[in-house]
Amino acid sequence: MKKVRTRIAPSPTGDPHVGTAYIALFNRCFAHQHGGDFVLRIEDTDRERSTSKSEQDILGSLKWLGLSWDEGPGCEAGAGPYRQSERSAIYSKHIQQLLDNGSAFRCFCSSERLGEVRKLQMLDKVQPGYDGHCLSLTQEECETKQAAGEQHVIRMKIPQEGECEFEDILRGKVNIAWSQIDMQVLIKSDGMPTYHFANVVDDHLMEISHVIRGEEWINSTPKHILLYQYFGWEAPQFCHMPLLRNPDKSKLSKRKNPTSIRYYEAMGYLPEALLNYLGMMGWTMPSGEEKFSLAEMEESFDISRVSLGGPIFDIEKLDWLNGKYIREDLSDEEFAKRFAAWAFDSDKVSQIVPLLKQRVERFSDVVSLGGFFVDGQLELGEVDFQHKSIELSLAAKILQFTLWKLEEVEELSRDVVEAELQALAGLLGLKIRDFLFPLFVAISGKAVSTSVIESIAILGIDITRARIRHGISVVGGISKKQAKALEKEFRSL
Ligand code: GLU
């Protein structure tokens with residue numbers, strides 16, 4: 001039997017998401033349960049959105065959770081390199097194979113033409129997709145266009161009729177009509193492969209036997225299976241895991257719940273408790289025990305017992321479990337040690353001390369002045385936001401605009417935060433002092449404290465976001481309708 005090899009293939013385009021860790025956990029358990037390997041591959045073909053900071057954050061967060069990989073960045077083995085941006089030559093070679101055997105074709109359509117086609121399809125209420133315009137180009141015509149330097153992409157051919165049927169480990173037979181599937185671009189005009197192409201080539205070359213991923217990829221699977229056929233390769237087995245959900249059943253999103261693993265780290269959750277909690281998403285131990293370690297889960301894991309009902313990521317339940325870990329697993333000494341390591345992280349302390357030193361007279365002033373650096377959710381009431389010229393609705397607007405602005409920037413350094421907030425205050429026609437008032441309260445709990453700009457840079461986006469959102473709800477919240485109007489105003493600034 002083929003060796004079991006699974007993988008997690010994150011794209012480094014944002015915060016390290018709890019959903020990535022959830023999928024990584026189940027892949028690792030499945031591989032290890034079968035004595036196989038768990039591979040980590042970085043899918044950074046989207047050069048505009050991929051950042052090395054995001055990659056570092058994803059790798060660091062998985063390590064923090066204890067989800068180490070058997071092969072991948074830092075654990076190179078024969079199947080590397082494990083970053084798609086370093087595998088360009090492999091994709092060029094493979095796309096040629098598909099062009100040669102007639103299963104892919106060059107498409108010279110301009111984006112204007114594609115836009116027109118799409119518009120007409122929308123009007124006709126038909127499935128939007130490429131209309132096959134360039135399929136009829138001859139080899140000579142393509143060569144002439146290429147020689148003239150015309151930009152083009154490479155697309156895959158898709159059958160006109162019938163359906164794709166595949167077996168999903170959790171769902172059984174899945175049937176999707178080919179008419180639903182677009183002639184996917186495989187190579188973009190800049191020569192970079194798309195996710196679909198690089199993903200299939202790499203899964204094959206890395207000898208991945210089981211693709212276990214989120215259910216949002218089900219509709220892409222027919223394209224992937226077809227690519228395996230075009231190459232004459234055996235496809236791996238597919239398993240689409242249910243998506244994590246907010247308590248209101250909507251898809252887990254950072255608008256409703258913190259989704260960055262860094263947030264949970266900054267809030268002082270234990271990695272082993274968070275990992276255990278992610279293991280409870282769709283999975284229960286045969287014994288029914290809710291508290292289990294990674295080793296225990298790996299030992300008794302059985303993928304066929306994963307339940308498809310959308311697992312709810314509920315912070316209250318996580319709090320309960322984390323408290324249980326703290327009480328049952330940490331001796332007093334360990335508690336003290338781990339608390340100190342978390343609260344007095346040397347990197348953070350070295351940034352906070354200069355701010356405190358300027359303002360305290362005794363060490364006993366430190367907690368009341370700087371306690372908010374290690375606090376979680378602050379205890380705030382409407383009265384804390386009372387101000388002579390900033391009404392509560394304006395406070396909500398300032399907080400919301402600030403959040404949108406800060407979410408746009410890649411790295412929250414002091415200078416960046418300062419420049420962004422200054423500019424925003426100017427655009428709103430407010431004195432910076434007044435503008436910063438609700439931020440001081442939301443971030444530090446007080447109207448006067450260490451510089452709120454520096455504090456935001458130290459606390460980072462995850463805690464900042466959570467505090468600003470809490471501040472907004474304390475001043476009365478923003479309704480959906482108001483949010484729409486505010487967003488319009490924000491975009492027009
Ligand atoms: N790069 C994809 C992602 O970011 C991987 C999806 C897959 O596992 O095939 O989710």
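This one's a predicted model, so the numbers in the text were calculated from it and none came from an experiment. First listed ligand is number 1; within each ligand, the first listed atom is number 1.
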* Asked: Which bit of N199 is near ligand 1, meaning a heavy atom under 4.0 Å away: side chain, backbone, both or neither?
  -> side chain

* Do the ring planes of W233 and H204 sit parallel (below 30°), tilted (30 to 60°) or perpendicular (above 60°)? -> parallel

* Structure fact -> Nearest non-hydrogen protein atom to atom 4 (O) of ligand 1, with distance, is S11 OG, 3.2 Å

* May I ask whether R7 places a heavy atom under 4.0 Å from ligand 1? => yes

* Compute the shortest N/O to N/O distance between V211 and ligand 1 and return yes if it is under 3.5 Å, no if not. => no

* To do: Could you tell me how the ring of H34 sits relative to the ring of H210: parallel (under 30°), tilted (30 to 60°) or perpendicular (over 60°)?
  => parallel

* **Approximate separation, where rounding is to 0.5 Å, of R49 CZ and S11 OG** => 8.0 Å

* Structure fact -> closest protein heavy atom to atom 5 (C) of ligand 1 is A9 O, 3.2 Å

* Structure fact -> re atom 10 (O) of ligand 1, the protein heavy-atom contact at minimum distance is W217 CZ2, 3.4 Å

* **Pair E163-I176, side chain to side chain contact (heavy atoms under 4.5 Å, CB included): steps then yes or no** => CA-CA 5 Å; E163 55 182 24; I176 298 176; over 6 Å; no

* Asked: Is R305 positioned over the aromatic face of W283, cation under 6.0 angstrom from the ring centre and no more than 45 degrees off axis?
  -> yes

* **Heavy-atom nearest neighbour in the protein, as seen from atom 9 (O) of ligand 1, with distance rounded to 0.1 Å** => Y195 OH, 2.7 Å

